[in-house]
Number of protein chains: 2
Amino acid sequence: METIEQILESKNIRVTAMRLLIYKFLAENQVAATLSDVENAFEKADRTTLYRTVKTFVERDIVHQIDDGTGIVKYALCEQNCSCEIETDLHLHFHCNNCNETVCLTEHKIPKIKVPDGFVSENINLVVKGMCDKCSGQ
Amino acid sequence: METIEQILESKNIRVTAMRLLIYKFLAENQVAATLSDVENAFEKADRTTLYRTVKTFVERDIVHQIDDGTGIVKYALCEQNCSCEIETDLHLHFHCNNCNETVCLTEHKIPKIKVPDGFVSENINLVVKGMCDKCSGQ
DNA sequence: AAAATAGATGCATTGGAAGTGCATTATTGC
DNA sequence: GCAATAATGCACTTCCAATGCATCTATTTT
């Protein structure tokens, strides 16, 4: 089991108190978090720091960015060994229209998508919307 | 062939000069348009009017809203008889990372997506990103 | 046809989120 | 410990979405 310190070091970014806290926060959360969520969790910290920390995490493939159609970007930790940029590794996201939460369905990979001739597919964003298990009442 | 007037009337919204113009603009455009695009096309008109006109179109299923991950919502006319809200009718969108244009691939329907027990799928948003036919150089 | 009502448009303004420049503080390597 | 580098915090800007209210236009009612 890798420690958070080791994960950060392996990505060549410095281990700081702030980064450890934000990592832990994202790890404890089952659902994808917005920047506001992070801000609310760390009210003493500056917005910019949180913003740039998360941005660094995204650049180093520690967290991936989710666009669930709400217009607000959400963030979630990548799986161990996940390579977000590789098309075949992409999982799908579920956005609940009721509770507004977005979760990663990591076990559900995105099926192969055909595009017309001349189009080159590099990346796929797939968001399923509806009612999550908690809200559908079972 | 339905006229634009008939289309608007069938959706129970009033036919106005502005609405006809915006409809025509969207119909002539192959690519999905942002609100800024609409604003640039009708510089004499007020931003709010354009904003609300497009919003009305979305509410009445005349245009559909596309979230291609750029953070800026784009709009495109629905196909004739399209029922955006019905899952089986959903087509996919292609966003070109090079020219930043987004097109509807209306002939490419979204494959059936399985979600875990307890989750109820109501809608699917699928955006493929990469290079479009114009930019891939063929 | 005139009055009453509903809807569309325009102006001003607000709010929220993303992003940046710069000074300050902390961390690392020597 | 010192210099170099990176992280953090503050102030500010920009961009887009959204709304309240006044005005204008069109439809409906009598």
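- Side chains of Ile124(B) and Ile113(B) form a contact here, defined as non-hydrogen atoms less than 4.5 Å apart.
- Protein chain A touches strand DNA chain C; the 5'-most and 3'-most nucleotides with an atom under 4.0 angstrom of its non-hydrogen atoms are dA17(C) to dT28(C).
- For Pro116(A), the side chain to side chain contact (heavy atoms under 4.5 Å, CB included) partners two or more places apart in sequence, or in a different chain, are Phe119(A), Leu105(B), Glu107(B), His108(B).
- A search for ring pair (Phe, Tyr, Trp, His ring centres under 6.0 Å) contacts involving Phe42(A) returns Phe25(A), not counting sequence neighbours.
- Here Tyr51(A) pairs with nothing under the ring pair (Phe, Tyr, Trp, His ring centres under 6.0 Å) rule; sequence neighbours left out.
- Qualifying ring pair (Phe, Tyr, Trp, His ring centres under 6.0 Å) partners for His95(A), counting only residues two or more places apart in sequence or in other chains: none.
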- Determine, for nucleotides 8-15 of chain D in 5'-to-3' order, which nucleotides have protein heavy atoms under 4.0 Å from the base (write B), from only the sugar-phosphate (write S), or from neither (write -). BBBB----
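- The distance from atom CG of Asn12(B) to atom C1' of dA26(D) is 16 Å, rounded to the nearest whole Å.
- The terminal axes of the helix from dA1(C)-dT30(D) to dC30(C)-dG1(D), fitted over 5 pairs per end, subtend an angle of 30° to the nearest 10°.
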- Using the salt bridge (Lys or Arg N to Asp or Glu O under 4.0 Å) rule, take Arg14(B) and Glu9(B) through it: C-alpha gap first, then chi angles, then the decisive distance, then the call. CA-CA 7 Å; Arg14(B) 286 188 187 166; Glu9(B) 277 164 6; over 6 Å; no
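- Listed by chain and number, the residues in a side chain to side chain donor-acceptor pair (under 3.5 Å) with Asn98(B) amount to none (sequence neighbours excluded).
- Evaluation of the salt bridge (charged side-chain N to carboxylate O under 4.0 Å, His left out) test over residues 16-30 of chain B, restricted to residues two or more places apart or in two chains, returns none.
- The stretch residues 26-38 of chain B touches DNA chain D through Leu35(B), each having a heavy atom under 4.0 angstrom from the strand.
- Note: OH (Tyr51(A)) to C1' (dA7(D)) measures 16 Å, nearest angstrom.
- Judged purely by atom type and a 3.5 angstrom limit, Asp133(A) has no side-chain atom pairing as donor or acceptor with the backbone of Gly118(B).
- Residue pairs meeting the side-chain hydrogen bond (donor to acceptor under 3.5 Å, both in side chains) criterion with at least one partner in residues 32-42 of chain B, sequence neighbours excluded, are Thr34(B)-Asp37(B), Glu39(B)-Arg47(B).
- The interatomic distance linking Asn40(B) (CG) with dC16(D) (P) rounds to 10 Å, in whole Å.
- Residues that satisfy the side chain to side chain donor-acceptor pair (under 3.5 Å) test with Thr16(A), not counting sequence neighbours, are absent from this structure.
- The minimum heavy-atom distance between Arg60(B) and Ile13(B), with the atom names listed, is NH1-CG2, 3.1 Å.
- Note on Asp61(A) versus Lys11(A): no salt bridge recorded, every NZ/NE/NH1/NH2 to OD/OE distance being 4.0 Å or above.
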